[in-house]
Amino acid sequence: MQCALVFVPAQFHLSAEDEKAEYDKHENDVTDSGYVNFLQRAANPLLERLSTVSTRLSGLDFGCGPAPALAELLQAAGHNVALYDYYYHPDNAVLSRQYDFVTCTEVIEHFNQPAEGWAQLLSLLKPQGHLVIMTKLVIDEARFSQWHYKNDPTHVSFFSRETFDFLADKHHLSVEYVGNDVILFQSRTG
């Protein structure tokens, strides 16, 4: 699929109240081993890259939800992790700093303004900083029409490998794909 981005028009977006009601249905619990294992698919490759640094690093779990299990995993590894979530941890002060790493797991597909959201994520990174995104990727146009992931009414932006390759090149990032849905970026500037 040679598209930069698949985006749902604004008239199909949920209200903020309805969107939060959908999120409240999720059963993301830090004591749920299945949920923690799911998040470790993003945490483990990030921690491997951070293990070469002997100092405690600062990170931001962007879109952490009501139960910030990923932040807990990264804190258990010795890092400081701030929390931000539009509905559950709306601390805008954490968005005025930069971090050694930013995680964005199962969030980018909810961006109503994907270009602005992407720019915000990049603005949060220190030079040489890491950005970890977890999202299902569009494979091709034929599969998209049958894809269950697009049927979630809170999912309004969809990305492909080509999209992320384009963004990495445009913004001077290295990009690495881990499995089918974890994308690791690192700033090449600094």
Side-chain angles (χ1 to χ4, degrees), residues 1-14 16 19 23 39 41-43 45-46 49 57-65 68 70-71 74 81-139 141 144 147 149-150 152-190:
M1 179 173 219
Q2 297 215 358
C3 66
L5 170 71
V6 177
F7 182 66
V8 177
Q11 68 262 29
F12 298 110
H13 295 184
L14 296 175
E19 185 176 40
Y23 299 149
L39 292 174
R41 295 191 352 242
L46 174 62
R49 281 139 192 89
L57 298 175
S58 66
L60 174 66
D61 188 357
F62 187 96
C64 62
L70 180 57
L74 298 168
V81 183
L83 304 176
Y84 177 78
D85 189 282
Y86 181 79
Y87 293 111
Y88 303 104
H89 296 275
D91 179 5
N92 288 331
V94 302
L95 301 178
S96 64
R97 298 193 302 259
Q98 289 190 312
Y99 301 89
D100 298 302
F101 62 89
V102 175
T103 60
C104 184
T105 57
E106 295 295 315
V107 175
I108 199 167
E109 64 275 7
H110 301 276
F111 284 3
N112 288 319
Q113 301 292 327
E116 292 167 10
W118 176 257
Q120 182 175 42
L121 291 174
L122 294 182
S123 75
L124 296 166
L125 286 178
K126 289 180 179 178
Q128 300 298 312
H130 296 271
L131 171 62
V132 179
I133 292 178
M134 179 186 274
T135 190
K136 300 281 187 241
L137 297 175
V138 174
I139 304 299
E141 196 171 339
F144 185 79
W147 196 26
Y149 201 63
K150 71 170 175 42
D152 181 322
T154 66
H155 293 178
V156 295
S157 296
F158 306 96
F159 302 82
S160 65
R161 279 186 180 232
E162 292 83 6
T163 307
F164 287 130
D165 288 344
F166 170 82
L167 291 170
D169 185 56
K170 180 178 179 180
H171 297 284
H172 310 288
L173 306 167
S174 63
V175 62
E176 180 183 352
Y177 298 91
V178 179
N180 293 326
D181 59 357
V182 176
I183 306 97
L184 299 167
F185 296 94
Q186 184 174 17
S187 170
R188 294 186 296 209
T189 59

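In what follows, every heavy atom counts, from backbone to side chain, and hydrogens, waters and symmetry copies are set aside.
- Note: Gln98 CD to Leu125 CG = 7.5 Å, rounded to the nearest 0.5 Å.
- Taking the side chain as every heavy atom from C-beta outward, Arg161 and Val175 never approach each other to under 4.5 Å.
- When all heavy atoms of Ile108 and Ser157 are compared, the pair lying nearest together is O-CB, 3.9 Å.
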Apply the test side chain to side chain contact (heavy atoms under 4.5 Å, CB included) to residues Leu39 and Thr105: give CA-CA distance (whole Å), side-chain angles for both, the deciding distance (0.1 Å), then the verdict.
CA-CA 8 Å; Leu39 292 174; Thr105 57; 3.8 Å; yes
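- Checked against Trp118 for a ring pair (Phe, Tyr, Trp, His ring centres under 6.0 Å), the options Phe185, Phe111, Phe166, Phe159 give a single hit: Phe185.
- Between Leu46 and Thr103, some side-chain heavy-atom pair lies under the 4.5 Å cut-off.
- Between atom CG of residue Leu122 and atom CG of residue Leu131 there is a gap of 6.5 Å, rounded to the nearest 0.5 Å.
- Side-chain contact between Gln120 and Phe62: present, with at least one pair of heavy atoms (C-beta onward) separated by less than 4.5 Å.
- With sequence neighbours excluded, the residues forming a side-chain hydrogen bond (donor to acceptor under 3.5 Å, both in side chains) with Asp165 are Tyr177, listed by chain and number.
- Side-chain contact between Phe164 and Ile133 is present, with at least one heavy-atom pair separated by less than 4.5 Å.
- Between the CZ atom in Arg49 and the CG atom in Leu57 there is a gap of 14.0 Å [rounded to 0.5 Å].
- Residues Leu173 and Ser187 approach most closely at CD2-CA, 3.7 Å, considering heavy atoms.
- At a threshold of 4.5 Å between non-hydrogen side-chain atoms, the residues Val132 and Val182 count as touching.
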Take Thr163 and Phe158 through the test side chain to side chain contact (heavy atoms under 4.5 Å, CB included) and record every step on the way to the result.
CA-CA 9 Å; Thr163 307; Phe158 306 96; over 6 Å; no
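- At least one side-chain heavy atom of Leu95 sits under 4.5 Å from a side-chain heavy atom of Leu124.
- Shortest non-hydrogen contact noted between Asp85 and Gly65 is OD2-N, 2.8 Å.
- Rounding to the nearest 0.5 angstrom, the gap separating the CG atom in Leu60 from the CG atom in Asp91 is 9.5 Å.
- A heavy-atom distance below 4.5 Å is found between the side chains of Ser58 and Lys126.
- Nearest heavy atoms, Val107 versus Gly63: CG2-O, 3.5 Å.
- Shown here for Pro45 and Leu184, the closest heavy-atom pair between the two residues is CB-CD1, 3.7 Å.
- Atom CD in Glu109 sits 10.5 Å away from atom CE in Met134 (nearest 0.5 Å).
- Considering only heavy atoms from C-beta on, Val94 comes within 4.5 Å of Tyr99 through its side chain.
- Contact record, Gln128 with Gln186: O-NE2, 2.9 Å, taken as the closest heavy-atom pair.
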